[in-house]
Asks: 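Please see the structure below; I have some questions.
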Amino acid sequence: MAKIFCVANQKGGVGKTTTTVNLAAGLAKIGQRVLMIDLDPQGNATMGSGVDKRSLELTIYDVLLENASIAEARVKSEKLIAAGCSFDILGANRDLAGAEVELVDVERREKRIKAAVATVADEYDFVLIDCPPSLSMLTLNGLCCANGVIVPMQCEYFALEGLTDLVNTIKQVHANLNPDLQIIGLLRVMFDPRITLQQQVSEQLKNHFGNKVFNTVIPRNVRLAEAPSYGLPGVVFDPSARGSVAFVEFAAEMVERIKTM
Ligand code: ADP
Ligand code: MG
């Protein structure tokens, strides 16, 4: 039975999508069966996995509206198959931006993805959900079906402030909608050890959150930023790049972590 994780942080540009696609690829590389769900209307995780979001016939939008099942809407990426690092993709595109409004009057609207994922959960080891940069109904749908939240964060001063809102939202969802939900961990991304402030914030994080901070640190690495323009996760685009090596390490850390869940 799959463990389900949201990659969430209401800030934009913190590395959610990079984390989702590279963790998915890293897990696939070490033999795990992965479904990646793109829950952001920008569709960056879809494109970054080598699937053209404009050519998709069915997306997470159709699953949310119950027009399609995940089994019908998921696709594979030819590029990832060719690289021997394939995972299933439930894509997103701009259609998804309308879902919020269309679901306003629908009953149990925050549990739509949960119900859909349950039908395929035994086919995977991991389901990873790339959340949009907001605490919207879409993110709520992700949080309602997840066992845990992975929070990518840059070690900057304001990062800690933003965390409070996310932690409060997760507490509320835990109390009211999904008793399974917990923060699995904070992932330090785009890390540059030469910057003193980043080291300080990293220490603060460890003091505050203890073992909720993942051991793996993802360095700032330009190869990770270049990879999406080739429609590939960095892990596939340049496996020997420092950032890619770190994401495969992180995948191994996640495999260990779920043994205790
Ligand atoms: P989000 O999904 O939270 O908006 P992204 O994953 O799209 O964030 O990352 C924002 C930008 O930072 C992208 O241009 C991405 O390529 C870049 N980026 C992410 N992680 C790294 C990293 N470790 N090193 C260098 N650039 C990165
Ligand atoms: Mg994103």
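When a ligand or atom number is given, it counts from 1 through the structure's own listing order. The analysis underlying the following values was restricted to heavy atoms, covering all of them including side chains, and did not include hydrogens, waters or symmetry mates.
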Asks: Looking just at side-chain N and O atoms, do Asn44 and Thr46 make a donor-acceptor pair shorter than 3.5 Å?
Replies: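 Looking only at side-chain atoms, Thr46 and Asn44 do not form any donor-acceptor pair under 3.5 Å.
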
Asks: Verify whether one side chain among Tyr61 and Asn93 offers a donor that lies under 3.5 Å from an acceptor in the other.
Replies: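 Per modelled atom types, Tyr61 and Asn93 side chains form no pair under 3.5 Å.
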
Asks: Strictly under 4.0 Å, does any heavy atom of Gly243 approach an atom of ligand 1?
Replies: no

Asks: Can a side-chain donor-acceptor contact be found between Asp130 and Thr17 if the only test is distance below 3.5 angstrom?
Replies: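 Side-chain D/A pair, Thr17 to Asp130: present.
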
Asks: Within the 4.0 Å heavy-atom shell around Leu224, which atoms of ligand 1 are there?
Replies: 22 (C), 23 (N)

Asks: Please report whether ligand 1 has a polar contact with Val222, defined as an N or O pair separated by less than 3.5 Å (distance criterion only).
Replies: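 N/O-N/O distance below 3.5 Å does not exist for this pair.
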
Asks: So is Pro219 polar-close to ligand 1, meaning N/O to N/O under 3.5 Å?
Replies: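 Pro219 vs ligand 1: N/O contact under 3.5 Å present.
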
Asks: Quick one: CG on Asp88 to CD1 on Ile37, what's the gap to the nearest 0.5 Å?
Replies: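 The CG atom of Asp88 sits 10.5 Å away from the CD1 atom of Ile37.
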
Asks: Can you tell me if Gly13 has a non-hydrogen atom under 4.0 Å from ligand 1?
Replies: yes

Asks: Looking only at side-chain N and O atoms, does Gln10 offer a donor or acceptor that is under 3.5 Å from a partner on Ser134?
Replies: no

Asks: Does the side chain to side chain donor-acceptor pair (under 3.5 Å) test come out yes or no for Asp238 and Ser240, once each step is laid out?
Replies: CA-CA 6 Å; Asp238 184 353; Ser240 63; 3.1 Å; yes

Asks: What I want to know is whether Asn221 and ligand 1 share at least one N or O pair that is separated by under 3.5 angstrom.
Replies: yes

Asks: Would Ile218 count as being in polar contact with ligand 1, using the rule that some N or O on each side must be under 3.5 angstrom apart?
Replies: no

Asks: Within the 4.0 Å heavy-atom shell around Gly15, which atoms of ligand 1 are there?
Replies: 1 (P), 3 (O), 5 (P), 6 (O), 8 (O), 9 (O)

Asks: Just so I know, are the side chains of Gln198 and Arg188 near enough to count as touching, which here means a heavy-atom distance under 4.5 Å?
Replies: no

Asks: Would you say Arg220 and ligand 1 have an N/O pair spaced under 3.5 Å apart?
Replies: no

Asks: Decide yes or no for Val51 and Asp38: does some side-chain heavy atom of the first lie under 4.5 Å from some side-chain heavy atom of the second?
Replies: no

Asks: Just which atoms of ligand 1 are under 4.0 Å from any heavy atom in Thr18?
Replies: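 Within the 4.0 Å cut-off of Thr18, ligand 1 contributes 5 (P), 6 (O), 9 (O), 15 (C), 19 (C), 20 (N).
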
Asks: Can you find an N/O atom of Asp130 closer than 3.5 Å to an N/O atom of ligand 1?
Replies: no

Asks: Regarding Gln42, does it place an N, O or S atom less than 2.8 Å from the Mg ion (ligand 2)?
Replies: no

Asks: Mind listing the closest non-hydrogen atom pair of Pro239 and Val245 along with its distance?
Replies: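 So the two residues come closest at O-CG2, 3.7 Å.
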
Asks: Considering Met153, Gln154, Met190 one by one, which has a heavy atom nearer to atom 22 (C) of ligand 1 than any of the others?
Replies: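 Looking at heavy atoms only, Met190 sits closest to atom 22 (C) of ligand 1.
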
Asks: Output yes when the distance from some N or O of ligand 1 to some N or O of Asn44 is under 3.5 Å, and no in every other case.
Replies: no

Asks: Would you say Lys212's side chain and Ile183's backbone share a donor-acceptor pair under 3.5 angstrom?
Replies: yes

Asks: What atoms of ligand 1 come closer than 4.0 angstrom to any heavy atom of Val14?
Replies: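 Per the distance check, 1 (P), 3 (O), 8 (O).
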
